[in-house]
There are 2 protein chains.
Amino acid sequence: MKVTIYDVAKEANVSIATVSKVLNNSGRISEKTRKKVKQIMKELNYQPNMLASALMGKQTKTIGLLIPDLANPFFSELARSIEDRGNELDYHLVICNTDYNNAKENRYLSLLKQKRVDGFILASGFEKLDKVQELISEEIPVVIVARDFPMFSVNAVALDDFTGGYLAAKHLVDLGHKNIGVIARDLWSNRERLRGFHHVLAENHLTLNPNFQFVNEVDHIKAGRNMAAKYIHSDNRPTAIFACNDLLAAGVIQMAKELGLDIPQDLSVVGFDNTSIVSIIEPPLTTIAQPIQNMGKEVMDLMVSIINEEKDAKSRVTLLPSLVLRKSTKKIT
Amino acid sequence: MKVTIYDVAKEANVSIATVSKVLNNSGRISEKTRKKVKQIMKELNYQPNMLASALMGKQTKTIGLLIPDLANPFFSELARSIEDRGNELDYHLVICNTDYNNAKENRYLSLLKQKRVDGFILASGFEKLDKVQELISEEIPVVIVARDFPMFSVNAVALDDFTGGYLAAKHLVDLGHKNIGVIARDLWSNRERLRGFHHVLAENHLTLNPNFQFVNEVDHIKAGRNMAAKYIHSDNRPTAIFACNDLLAAGVIQMAKELGLDIPQDLSVVGFDNTSIVSIIEPPLTTIAQPIQNMGKEVMDLMVSIINEEKDAKSRVTLLPSLVLRKSTKKIT
DNA sequence: TTGAAAGCGTTACCAT
DNA sequence: ATGGTAACGCTTTCAA
């Protein structure tokens with residue numbers, strides 16, 4: 001059967017208190033007994049039961065990660081980088097796919113709370129904030145990542161989406177484009193990107209292509225294709241399209257090519273995220289890069305520092321996007 | 001503070017035993033008290049502590065998933081499908097990236113054992129099987145997925161890799177190719193695919209392009225590029241390449257195009273996995289499809305049935321790959 | 001139908 | 001330096 005501290009204690013002729021102390025390097029134990037106990041633990045292949053110690057108030061060393069969709073490269077790369085840092089810091093991740101579905105979000109939150117995770121990293125939509133609010137009032141550590149809630153005080157590491165949109169628009173406008181379409185889902189971050197985008201347009205006395213509207217298909221590639229077709233078939237076809245993520249951009253490029261357009265000659269397109277698929281796309285996609293690795297590290301570090309109460313003030317880390325030039329945009333002639 | 005069964009019991013004027021019973025729908029409780037207790041639980045917003053109940057021998061409802069790399073589309077899609085099924089069955093997933101590194105694998109195993117996960121789903125390499133063997137002898141449920149261990153009796157849901165290789169070779173040979181290159185990492189599943197591949201070649205008195213050798217870069221796209229360059233520059237250039245995953249194939253296509261070859265006119269390429277990136281590749285990739293959704297469901301179902309001891313005999317589910325024709329292969333002329 | 005009490009495997013305080 | 005023991009929050013007999 002499972003070996004417990006009792007077994008170790010008996011075998012080593014000490015009390016369980018002593019065993020517990022050598023386990024945690026706490027209290028004062030003579031070098032001699034420490035050696036002996038450790039020895040016995042090896043022999044018996046003793047594995048401490050974390051459930052019991054967590055029940056006594058210690059950490060579970062487990063973080064809940066709520067993410068919209070692991071099959072989306074941006075999120076899987078983000079999850080990967082968070083897990084990497086977690087591993088270094090000895091935390092495990094319970095990863096949950098929410099599909100931006102509020103009911104799923106809430107269900108996961110409540111279930112993981114019952115499992116007493118040490119904290120939550122939220123990368124999901126959470127258009128309804130009440131449950132998140134609840135976590136906070138219960139003093140459960142929460143960090144938001146890749147999703148901003150400017151209206152409400154919570155720890156977060158986010159991208160400066162406004163700047164992202166700004167950069168994209170600036171690049172396109174600098175290339176001489178005057179009729180630009182945008183493709184985006186109706187998410188907070190995208191509204192920010194649009195704000196940045198509009199800012200540049202306004203500076204240049206330009207306006208968005210009037211066919212713009214938010215898309216809502218879950219399959220991003222398909223969404224990109226459909227919206228691209230709509231833009232291309234309209235009687236006032238844009239010369240450039242800014243897609244709010246790389247998958248959308250991939251769809252745009254696909255459809256544009258199928259409709260006989262040359263990228264970037266007939267249509268410039270810039271994506272967002274800089275996931276690993278950008279180099280697969282033909283032509284390689286010019287995109288606004290999110291520093292995914294960094295983001296993962298920052299969010300995990302922030303989480304852990306909150307858990308350890310190293311900082312009581314809420315803090316917010318904002319990372320900057322950057323423009324990565326490849327081959328999908330071109331100066332207008 | 002945290003509300004426990006004691007609080008609920010007190011408030012409802014019953015014993016904690018009664019509360020526990022209504023919680024688990026066990027024992028016989030009068031409808032009246034059941035109602036009352038449930039009512040109080042609502043009011044107090046009582047959340048049962050799973051740590052405590054797991055400590056008493058109940059399940060943790062958590063499964064450890066060891067996977068090589070979440071940033072690889074095949075694995076993230078697989079993880080996604082496993083998690084989906086887990087969610088339906090009320091299990092959470094702790095996801096760990098192993099990078100095919102045996103030390104990491106073992107470390108995760110031991111840590112998750114301490115957390116008393118109900119079982120392990122292993123999608124990682126595990127070239128050293130001792131720790132897996134150990135799990136089995138400790139009667140901890142284990143299922144292997146997307147990775148076969150024919151030599152050793154363990155529950156598994158795997159792809160018929162031999163058939164996968166067979167299908168790829170058959171397709172290429174049917175198109176008239178006689179000089180075919182292969183690109184693969186040295187993994188068990190790839191050795192099987194090669195076996196199936198060779199089988200077809202032998203049937204047709206053909207032999208593999210002699211420049212073949214296993215690759216081992218971790219960056220698959222890069223690996224595909226490098227190996228493709230090698231094949232293309234050799235003085236006996238293959239007319240077709242079988243890449244053992246889609247990423248590798250993407251690299252091949254990229255490099256081939258950079259070197260001025262037309263796909264599929266000058267070089268046919270078939271991939272493996274049928275991940276979502278295939279439709280982004282130009283031209284769309286002909287590939288051997290793994291039924292990823294199915295695989296995720298099967299593995300989770302198998303896991304749960306083992307946990308619930310619905311089957312004591314080891315079982316092994318083998319799924320069949322299929323050829324998906326797209327535009328990257330062409331009849332030789 | 002309900003409740004008392006004995007665990008589950010730890011930690012931590014207080015003695016010794 | 002070491003050990004006894006009361007928690008932690010729950011489940012599960014066994015009595016009542």
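Below, each value reflects all heavy atoms present in this structure, side chains not excepted, and no hydrogens, waters or symmetry copies. Letters go in sequence order (proteins before strands), and every chain restarts at 1. Keep in mind the model is a prediction, meaning the values are calculated, not measured.
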### Steps toward side chain to side chain contact (heavy atoms under 4.5 Å, CB included) verdict (B:Glu83, A:Leu70)
CA-CA 9 Å; B:Glu83 205 275 324; A:Leu70 257 192; 5.8 Å; no

### Query
Taking OP1 and OP2 of D:dT11, is either one under 4.0 Å from a side-chain nitrogen or oxygen of B:Asn24?
yes

## Note on the structure
Quick note, A:Ala17 side chain, CB onward, closest among D:dG3, C:dT11, C:dT10 is D:dG3

#### Entry: 4.5 Å side-chain heavy-atom contact, B:Asn49 and B:Thr4
no

### Message
If I take atom CZ in residue A:Arg34 and atom P in nucleotide D:dT2, what distance separates them, rounded to the nearest angstrom?
### Response
9 Å

### Task
May I ask you to verify if any side-chain N or O of A:Thr18 is less than 4.0 angstrom from the OP1 or OP2 atom of D:dT2?
no

### Task
Could you state the atom-to-atom distance from NZ of B:Lys21 to C1' of D:dG9 in whole Å?
17 Å

### Message
Strictly below 4.0 Å: does B:Tyr6 bring a side-chain N or O up to OP1 or OP2 of C:dG3?
### Response
no

### Query
What pairs with A:Asp301 under side chain to side chain contact (heavy atoms under 4.5 Å, CB included), at least two apart in sequence or on another chain?
A:Arg85, A:Leu89, A:Lys297

### Query
What nucleic acid atoms does B:Ser30 come within less than 4.0 Å of, heavy atoms only: base, sugar-phosphate, or nothing?
sugar-phosphate

### Task
Kindly point out which of D:dT11, C:dT11, D:dG3 is positioned nearest to the side chain of A:Leu23?
C:dT11

### Task
Would you mind reading off the distance between A:Lys2 atom NZ and C:dG9 atom P, rounded to a whole angstrom?
10 Å

### Query
With nearest nucleotides of DNA chain D determined for A:Asn13 and B:Ser20 from heavy-atom distances, which residue corresponds to the more 5′ nucleotide?
A:Asn13

### Message
If I take atom CZ in residue A:Arg28 and atom P in nucleotide C:dA12, what distance separates them, rounded to the nearest angstrom?
### Response
16 Å

### Query
Between D:dA7 atom P and A:Leu51 atom CG, what is the distance in whole Å?
22 Å

### Task
Grab the CD1-C1' distance between A:Ile5 and C:dC8 for me, whole Å please.
11 Å

### Query
Over how many whole Å does the gap from B:Asn49 atom CG to D:dA7 atom C1' extend?
14 Å

### Query
Which whole-number value in Å describes the distance from B:Lys36 NZ to C:dT2 C1'?
12 Å

## Note on the structure
Of A:Ile16 and A:Ile29, the one whose nearest nucleotide on DNA chain D sits closer to the 5' end is A:Ile29

#### Entry: Electrostatic pair A:Glu77:A:Arg80 at N-O distance under 4.0 angstrom
no

### Task
Please check the phosphate of D:dG3 (OP1 and OP2 only) for any side-chain N or O of A:Ser15 closer than 4.0 Å.
yes

#### Entry: First encountered from the 5' end of DNA chain C, between B:Glu31 and B:Met56
B:Glu31

### Task
Taking only the side-chain nitrogens and oxygens of A:Thr33, find out if one of them lies under 4.0 Å from OP1 or OP2 of D:dT2.
yes

### Message
Let's go through B:Asn87 and A:Asn97 carefully: what are the C-alpha distance in whole Å and the side-chain angles of both, what is the deciding distance for side chain to side chain contact (heavy atoms under 4.5 Å, CB included) to 0.1 Å, and is it a yes or a no?
### Response
CA-CA 9 Å; B:Asn87 183 40; A:Asn97 293 103; over 6 Å; no

### Query
Counting side-chain heavy atoms from CB outward, which of D:dC8, C:dG3, D:dC10 is closest to A:Leu55?
D:dC8

